[in-house]
Amino acid sequence: MTSPLLGQSQAALEAWAVAEGQPAFRGRQLHAWLYRRGAHDIAAISDWPLSWREGLRAREAETGQPLIGRLTEVHRRVAADGTTKLLLATRDGLQLETVGIPSADRLTVCVSSQVGCPMACRFCATGKEGLARSLALHEVVDQVLSVREAMERRPSHVVFMGMGEPLLNTEVVLEAMAVFCRDLEMAQRQITVSTVGVSGALPRLAERARQVLGRTQFTLAVSLHAPDQRLREALIPTARGYPLEELLEDCRDYAWETSRRVSFEYILLAGVNDAPAQAEALARLLRGFQSHVNLIPYNPIEEEEFERPSPRAVNRFRQVLLERSIAVSVRASRGLDQDAACGQLRRAFAGSR
Ligand code: SF4
């Protein structure tokens, strides 16, 4: 099976055109159609000779493989605040979610790296279903293009916080970042990769990022969700094989290697991890660390025992961190009325059919 054209660089597309017996500039035209105009179908490329397009379409029909490799939008939900959640279908019949989160000065795309997720975090809808498979490069790149089309606005930021654990698909995530920067003219600083931690993955990420991207400027966000190993294991079962001390040591090495500050994500669950004493423990854990903590009040999902903390509890937790000189922010809820937590649109849609 040949790789889809979406995700390839201009040089690779030129080489493809030449291999097809065409002049190299046809590859440059294709590059503009893929990334600037968001072509879904080879037939739409009106700059190309009709006879060649017809030949390519006949090949697609014969092999059953579309050359470009765009996903199909299956469902769309738009929240009152403009947050737009798309359900996209792959060629092999799987469905994944991507979310566009608008604000006055930015459009952030929350991208999935896998269909499903094997990490089984207890508070997460995606983790309930296990892993179907990791996404290919064109399927990750497509999500940004699909959000651009749906929202008729250029995405400025990408966060790998959708379905899946990005560091179980590191090569594709790094290649997709290269496409976002090179072909979609995004700044690497506007990209965030979020992980719950995979043993051995951070040293490899630092090394491969340097090789694939040249320099590391994206933000690494590590999900802690608990200030101690026991509670962390209860919330994130895979943490059993990756002790908190080891994860933090890897974060320190990563920050030193890349000269980038690490962000820590902490989902606040009422009565579970939102007590002031737990904020104090978190502050102790991060003492001396060049870091930033992002607090995320939990979005309830069905059939789970967790609850959203009160604004008072969130503020109290934040205050304890601030008093201990930890840089902290609270993530505002977006699109809460449209099943905002990852994995929820797919489940709601599947349930409604
Ligand atoms: S929170 Fe992230 S890593 Fe955990 S199960 Fe959900 S998608 Fe996977």
Side-chain angles (χ1 to χ4, degrees), residues 85-88 90 94-99 101 108-135 139-140 143 158-170 172-173 176 191-202 205 219-226 229 231-242 244 247 250-251 262-269 272-273 293-308 331 333-336 339-350:
K85 200 160 194 175
L86 302 179
L87 190 62
L88 302 169
T90 65
L94 298 174
Q95 293 182 345
L96 60 110
E97 294 182 15
T98 194
V99 188
I101 306 160
T108 302
V109 186
C110 180
V111 165
S112 294
S113 55
Q114 299 184 302
V115 180
C117 182
M119 305 303 274
C121 301
R122 285 200 32 226
F123 46 82
C124 170
T126 301
K128 305 268 170 227
E129 293 178 15
L131 175 71
R133 69 168 167 81
S134 290
L135 293 174
E139 294 165 330
V140 176
Q143 296 174 55
V158 167
V159 292
F160 282 89
M161 292 184 183
M163 299 167 73
E165 164 51 63
L167 297 193
L168 293 176
N169 197 12
T170 300
V172 163
V173 165
I191 300 173
T192 298
V193 176
S194 174
T195 178
V196 292
V198 176
S199 183
L202 288 181
L205 178 69
T219 298
L220 175 69
V222 175
S223 294
L224 289 182
H225 304 332
Q229 178 66 15
L231 180 57
R232 195 161 189 272
E233 282 181 17
L235 298 174
I236 307 170
T238 54
R240 270 177 222 131
Y242 195 18
L244 197 45
L247 170 63
D250 285 349
C251 289
V262 175
S263 279
F264 292 105
E265 309 275 312
Y266 193 102
I267 193 161
L268 283 167
L269 307 162
V272 175
N273 67 355
V293 174
N294 203 359
L295 299 175
I296 309 156
Y298 174 67
N299 276 340
I301 60 173
E302 306 136 23
E303 95 264 322
E304 190 49 90
E305 70 268 31
F306 300 117
E307 284 172 19
R308 190 174 175 84
R331 188 180 303 159
S333 273
R334 299 299 306 265
L336 193 60
D339 306 320
C342 66
Q344 285 185 6
L345 178 64
R346 194 168 60 110
R347 286 154 66 87
F349 185 64

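Both counts, for ligands and for their atoms, begin at 1 and track the order of listing. Predicted model only: the values in this text are computed from it and were never measured.
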Applying ring pair (Phe, Tyr, Trp, His ring centres under 6.0 Å) to F264 and not counting sequence neighbours gives F289
Of all the atoms in C121, is at least one N, O or S atom closer to atom 4 (Fe) of ligand 1 than 2.8 Å?
-> yes
Any chance the side chains of E165 and S113 put a donor and an acceptor closer than 3.5 Å?
-> no
Could you tell me, atom by atom, which parts of ligand 1 come under 4.0 Å of a heavy atom of [X]?
{"X": "G164", "answer": "7 (S)"}
{"X": "C117", "answer": "3 (S), 5 (S), 7 (S), 8 (Fe)"}
{"X": "G127", "answer": "5 (S)"}

Check whether any side-chain heavy atom of E265 sits under 4.5 Å from a side-chain heavy atom of H225, and report yes or no.
-> yes
Relative to ligand 1, is A120 under 4.0 angstrom through side chain, backbone, both or neither, heavy atoms considered?
-> backbone
Sort out for me which residue in E139, R133, Q114 forms a side chain to side chain contact (heavy atoms under 4.5 Å, CB included) with L94.
-> R133
In short, A226 meets Y266 closest at the heavy-atom pair N-CE1, 3.5 Å
